[in-house]
Amino acid sequence: MVERFFSINFPDSPDNEMMLLTGPPSSGKTSLLFQFAFNSIVNTDDKSAVFMCSRRKLSTKPPFLSQGIDPSSDVFDRIQMKYVEDEEGINKFFAAFHMHDTFPVLVIIDDFGEFFDEKNCQQRYNSPRGKELAIARTLALCCNAINHANEKGPCMLLVADTHHGETPRLLHIYKGWLNSIFTIKGDGIGSFILKNNSSLTKSAKYSIALQYLVLEEIYETEEQKKYHL
């Protein structure tokens, strides 16, 4: 599944997944998301994707594309940019999702956790865990909307978040709603490792070089090698 984040041939995978991509700051998450969106619709003529993010953040840190991807490709016309500034914008979008005549095959939310202001959430829920409660509520809304869309055709949800430290602070909440989790870690020498939470999937090593998203290699994890043996 990690192959779908890069410009290479990739195996078929379930199209009703709800996924999390999490990694440290400046690890190329937005670039990976754009490539995933491109890959999800490039081989169709009528499918679309929705990319939700902060306009301000996207303008200051635009994504890098893989080498060989034409930035003027009409495929990008079918990636609808939806700019939101807080959790209310996300909630309004998904609350009205069932009213659409047709649904995208993919909805991406970049920097999901940053749309939730900790102080405001604590005040609203009158709880020190207000942010956790707000995130769980919004994830429930998102997943209900995606499940509704899947009654008519394949639709995926891909949420991205930034973590500081080894693992996301709110990973236990994400696990309650998202069935596939991808984590990014630096290798200490300028590249990054992208892996799935499943021990029997491949990992990808990549870097950001000369304003491109560069895949260095796809390899089997040690757990996967043991399984094959």
Side-chain angles (χ1 to χ4, degrees), residues 1-11 13 17-43 47-84 90 104-115 156-164 167-168 174 178 180-197 201-219:
M1 186 65 171
V2 295
E3 293 93 336
R4 294 194 70 166
F5 289 94
F6 303 95
S7 180
I8 58 173
N9 292 326
F10 49 86
S13 60
E17 287 205 75
M18 302 188 194
M19 301 162 284
L20 170 69
L21 172 67
T22 179
S26 302
S27 57
K29 292 186 297 299
T30 302
S31 299
L32 293 171
L33 295 176
F34 258 93
Q35 187 63 58
F36 194 102
F38 183 93
N39 290 344
S40 297
I41 61 176
V42 65
N43 293 321
K47 302 299 183 182
S48 64
V50 174
F51 196 105
M52 302 182 72
C53 63
S54 163
R55 182 193 294 269
R56 174 179 51 82
K57 289 188 176 180
L58 189 67
S59 63
T60 56
K61 295 184 68 175
F64 299 119
L65 302 176
S66 298
Q67 287 183 308
I69 300 296
D70 181 2
S72 63
S73 170
D74 59 4
V75 174
F76 290 108
D77 294 336
R78 290 186 279 121
I79 301 177
Q80 175 192 352
M81 302 304 299
K82 175 68 176 177
Y83 296 113
V84 294
I90 300 174
V105 297
L106 170 68
V107 179
I108 288 174
I109 311 176
D110 196 9
D111 287 324
F112 181 80
E114 295 187 23
F115 290 113
M156 296 180 288
L157 174 68
L158 175 54
V159 172
D161 204 355
T162 300
H163 68 253
H164 302 269
T167 58
Y174 287 119
L178 307 175
S180 189
I181 297 176
F182 297 86
T183 57
I184 302 170
K185 290 187 178 181
D187 69 349
I189 54 175
S191 296
F192 298 94
I193 305 299
L194 172 67
K195 65 178 296 184
N196 189 271
N197 59 334
T201 59
K202 295 179 180 179
S203 295
K205 183 178 181 180
Y206 71 94
S207 59
I208 304 294
L210 300 176
Q211 297 187 331
Y212 286 107
L213 176 65
V214 179
L215 174 63
E216 299 178 18
E217 63 174 323
I218 300 282
Y219 62 93

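A quick note: this is a predicted structure, and the numbers were derived from the prediction, not measured.
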**OP:** List the steps, then state whether side-chain contact (heavy atoms from CB on, under 4.5 Å) holds for Phe112 with Ile90.
**Re:** CA-CA 9 Å; Phe112 181 80; Ile90 300 174; 4.2 Å; yes
**OP:** Take Thr183 and Asn197 through the side chain to side chain donor-acceptor pair (under 3.5 Å) test and state the conclusion after the steps.
**Re:** CA-CA 7 Å; Thr183 57; Asn197 59 334; over 6 Å; no
**OP:** List the steps and the verdict of side-chain contact (heavy atoms from CB on, under 4.5 Å) for Ile69 and Val75.
**Re:** CA-CA 10 Å; Ile69 300 296; Val75 174; over 6 Å; no
Original post:
What do the steps show when you test Phe36 against Leu32 for side-chain contact (heavy atoms from CB on, under 4.5 Å), and what is the final call?
Top reply: CA-CA 6 Å; Phe36 194 102; Leu32 293 171; over 6 Å; no
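Side chain of Gln35 to main chain of Leu33: no donor-acceptor pair is present (N/O by atom type, distance under 3.5 Å, no hydrogens or angles). In this structure a side-chain-to-backbone donor-acceptor pair under 3.5 Å is missing from Ser207 to Ala209. Under a 3.5 Å cut-off, the side chain of Asn39 and the backbone N or O of Ser7 do not form any donor-acceptor pair. Of the possible polar contacts, one joining the Ser31 side chain to the Phe64 backbone as a donor-acceptor pair under 3.5 Å is found. Judged by distance alone, the side chain of Lys202 and the main-chain N or O of Asn196 form no donor-acceptor pair under 3.5 Å.
The minimum heavy-atom distance linking Leu194 with Phe6 is given by the pair CD2-CE1, 4.0 Å. Here the closest non-hydrogen pair linking Thr162 and Pro24 is CG2-C, 4.1 Å. Closest heavy-atom contact between Phe34 and Pro63: CD1-CG, 3.3 Å. The two residues His163 and Pro25 come nearest to each other via the heavy atoms O-CD, 3.8 Å.
Under the 4.5 Å side-chain criterion, counting only non-hydrogen atoms from C-beta, Leu178 is not in contact with Met19. Within the 4.5 Å cutoff, side-chain heavy atoms of Ile208 are placed close to those of Leu213. In this structure, the side chains of Ser40 and Lys47 stay at 4.5 Å or more apart for every pair of heavy atoms. A 4.5 Å side-chain heavy-atom check between Leu65 and Phe38 finds every atom pair outside the cut-off. No side-chain heavy atom of Gln80 sits less than 4.5 Å from a side-chain heavy atom of Pro104. You'll find the side chain of Leu215 stays beyond 4.5 Å of the side chain of Ser66, heavy atoms only. Two residues are said to be in side-chain contact when any heavy atoms from C-beta on lie closer than 4.5 Å; Ile184 and Tyr206 meet this criterion. Taking 4.5 Å as the limit, some side-chain heavy atom of Met52 sits within range of a side-chain heavy atom of Val107.
Taking CD1 from Ile41 and CD1 from Ile79, the interatomic distance works out to 4.5 Å, rounded to the nearest 0.5 Å. With rounding to the nearest 0.5 Å, the separation of CD in Glu17 from CG in Leu157 is 11.0 Å. The structure places CE of Met81 at 9.0 Å from CD1 of Ile108, a figure rounded to the nearest 0.5 Å. One finds the CD1 atom of Ile109 at 10.5 Å from the CZ atom of Phe51 (value rounded to the nearest 0.5 Å). Thr30 OG1 to Lys61 NZ: the interatomic distance, rounded to the nearest 0.5 Å, is 7.5 Å. A distance of 9.0 Å separates CG in Leu20 from OG in Ser180, rounded to the nearest 0.5 Å.
Checked against the 6.0 Å centroid criterion, the rings of Phe5 and Phe182 qualify as a close aromatic pair.
Counted within 6.0 Å of CD on Gln211, heavy atoms from surrounding residues, nucleotides or ligands total 12 or fewer; the atom is thus considered open.
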